[in-house]
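Working notes for the structure below.
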2 protein chains.
Amino acid sequence: MTFQEFSKEVMVSVEVLCRDYYRENRESIRIKKEDVAVKNLVTIVTTTLNLSYKKGFDAMSLRDLSRESKLSMGALYSYFNSKEELLSLIQYHGQAAVEKILREYVGRGNNPLKKLQNAIRIHLYLSELMQRWFYFFFMEAKNLNKKYKKLSVESELMTERIITDIIEDGVTQKIFTVDDVRLAGSVIKAMMQDWYLKQWKYRERKVSVESYAQCIIDIAESYLTNKRSHSRTNKK
Amino acid sequence: MTFQEFSKEVMVSVEVLCRDYYRENRESIRIKKEDVAVKNLVTIVTTTLNLSYKKGFDAMSLRDLSRESKLSMGALYSYFNSKEELLSLIQYHGQAAVEKILREYVGRGNNPLKKLQNAIRIHLYLSELMQRWFYFFFMEAKNLNKKYKKLSVESELMTERIITDIIEDGVTQKIFTVDDVRLAGSVIKAMMQDWYLKQWKYRERKVSVESYAQCIIDIAESYLTNKRSHSRTNKK
DNA sequence: GTCTATACATAGATAGAC
DNA sequence: GTCTATCTATGTATAGAC
């Protein structure tokens, strides 16, 4: 599956996501016309993601947001009750959207090798489409309150789990060889994460998301299918 | 080289680092007794790193810092002229200290394979010793002004360069096979970075820095010494 | 050298006109 | 629904006593 095919198919629209948020919070949002509300929410969220990418959520003042989104302070507060609520809106609904898409696309393939390739590609394609979101999830997680922080950690572990489950499967089928499945999954995830954390670097070097994916796949494969024992890792 | 051997040998003391800063900025620091100044600078820097780790540098107010470090607001401002100066003090002198140590230890080994193993280990050991610093460098880079941001990017590329130079060398000697040397170096760095960005995860799982290092080395080796062609990556 | 007290700017948040 | 004007808390930074 190429990136282009994927992006045509998923249509992760911020609009859908904001509509979900709106419908779940009708009571606390003062705006009653759904279309107006959703339209402005999209602006608010998009602007927040961009400003946070530049200076961080905490450094972004609501006056910055007001200026950039061309909505007054008063208008902003019709859509959320506090800056913290804006933060958790993005984190919570964003991660939910990501999980939904991952669950839908990941898991395809009829053997562990194909499944792994697919999982890596899908993850990377999605993080490319939603770069600002993924960056935000990671960089702003520490500002969340206890409840949302817990959800955020769970989300991190869930995506790791997708990888480790496939590896586990491959080990059982004697296709993969590896000592510590969870550690392997963790570092594969780390490589994937670099794609959206260091966007500036890869953009500058004109690395395409497809070739990046292929590189990670090659690395994962050569490690997991390496017949030589990794016995030194076993010392513990 | 084990982590214990390394940590005994390097002695990255925050004190040395603060003394350097003090001596370079004698004019602008109002405190004239070096020992008093250095002692308080150590407290200030350490406390800043800890608070920033918890809530981010931007969210940390100088009142927080004053409370935690048990120095009054007035006292704090005897050591720096603005919050921004505190930020760049940590970034600039911290990264300089890191580079100095890396230059000293990396490059040992009499063939590319040994050199690569050594470079990965030293990087990880150092990032373990200076976890708060490395975390700070990455998370707070966006708050720097233009001048220091440039230095920060250079520092990132420099450490990447250490890895790619070794790989390049190995390719020339036909020990390694890889299409895109720079991309390989970049993702190896990404795996190393995860060690200090996700400390909570690895601590919880009781992964030692040595076994983490061994895992990254195994992955890098199996990829770089894999004879199978990575032709698919070559499409560009 | 260190403190307390305070100036001044800006932050988040809200009231009430339109 | 959106705006402007304004409240109050908190932030960075400094002056001046000890």
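Throughout, a chain's letter reflects where its sequence line sits, starting with A, and its residues are numbered from 1.
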(request) Specify the separation, in whole Å, of atom CG of A/L62 and atom C1' of C/dT14. (result) 13 Å
(request) For a ring-ring contact (aromatic ring centres under 6.0 Å, His included) with A/Y53, tell me which candidate from A/W200, A/Y135, A/F136 qualifies. (result) A/Y135
(request) Nearest whole angstrom, please: distance from the C1' of C/dT4 to the CZ of B/R67. (result) 17 Å
(request) Could you state the atom-to-atom distance from NZ of B/K83 to P of C/dA9 in whole Å? (result) 19 Å
(message) Given C/dA11, C/dA13, D/dT12, identify the nucleotide with an atom nearest to the side chain of A/S61.
(response) C/dA11
(message) Could you tell me how far apart A/D64 (CG) and C/dA13 (P) are, to the nearest whole angstrom?
(response) 14 Å
(message) One thing to verify: whether A/K100 and A/E104 come together as a salt bridge, which I'm taking to mean a side-chain N less than 4.0 angstrom from a carboxylate O.
(response) no
(request) Check each residue of residues 140-149 of chain B for a non-hydrogen atom within less than 4.0 Å of any atom in DNA chain C, then write out the ones that pass by number, or none. (result) none
(message) Check this for me: does any side-chain nitrogen of one of A/R203 and A/E128 sit under 4.0 Å from a carboxylate oxygen of the other?
(response) yes
(request) Could you tell me whether A/R182 and A/E160 have a side-chain N and a carboxylate O separated by less than 4.0 Å? (result) no
(request) Using side chain to side chain contact (heavy atoms under 4.5 Å, CB included) as the criterion, list what pairs up with B/K39, not counting sequence neighbours. (result) none
(message) Rounded to whole Å, how long is the line connecting atom CD of A/E85 with atom P of C/dG12?
(response) 15 Å
(message) Here's a test for you: under side-chain contact (heavy atoms from CB on, under 4.5 Å), which of B/V98, B/I162, B/N118 qualifies with B/H123?
(response) B/I162
(request) Rounded to the nearest angstrom, tell me the gap between atom CG in B/L65 and atom P in D/dA13. (result) 12 Å
(request) Using whole Å, report how far CG of B/L86 lies from C1' of D/dG11. (result) 15 Å
Check: protein-nucleotides 2-8 of chain D nitrogen or oxygen pairs below 3.5 Å:
| from | atom 1 | to | atom 2 | distance (Å) |
| --- | --- | --- | --- | --- |
| D/dT2 | OP1 | A/N40 | ND2 | 3.3 |
| D/dT2 | OP2 | A/Y79 | OH | 3.1 |
| D/dC3 | OP2 | A/S72 | N | 3.0 |
| D/dC3 | OP2 | A/S72 | OG | 3.0 |

(message) For the residue pair A/E9 / A/Y105, report whether a side-chain donor-acceptor contact shorter than 3.5 Å exists.
(response) yes
(request) Report yes if at least one side-chain N or O of A/Y77 is closer than 4.0 Å to OP1 or OP2 of C/dA13; otherwise report no. (result) yes
(message) If you count heavy atoms of other groups shown closer than 6.0 angstrom to OH of A/Y92, is the number above 12?
(response) no
(message) What I want to check is whether the side chains of B/Q193 and B/Y196 have a donor and an acceptor closer together than 3.5 Å.
(response) yes
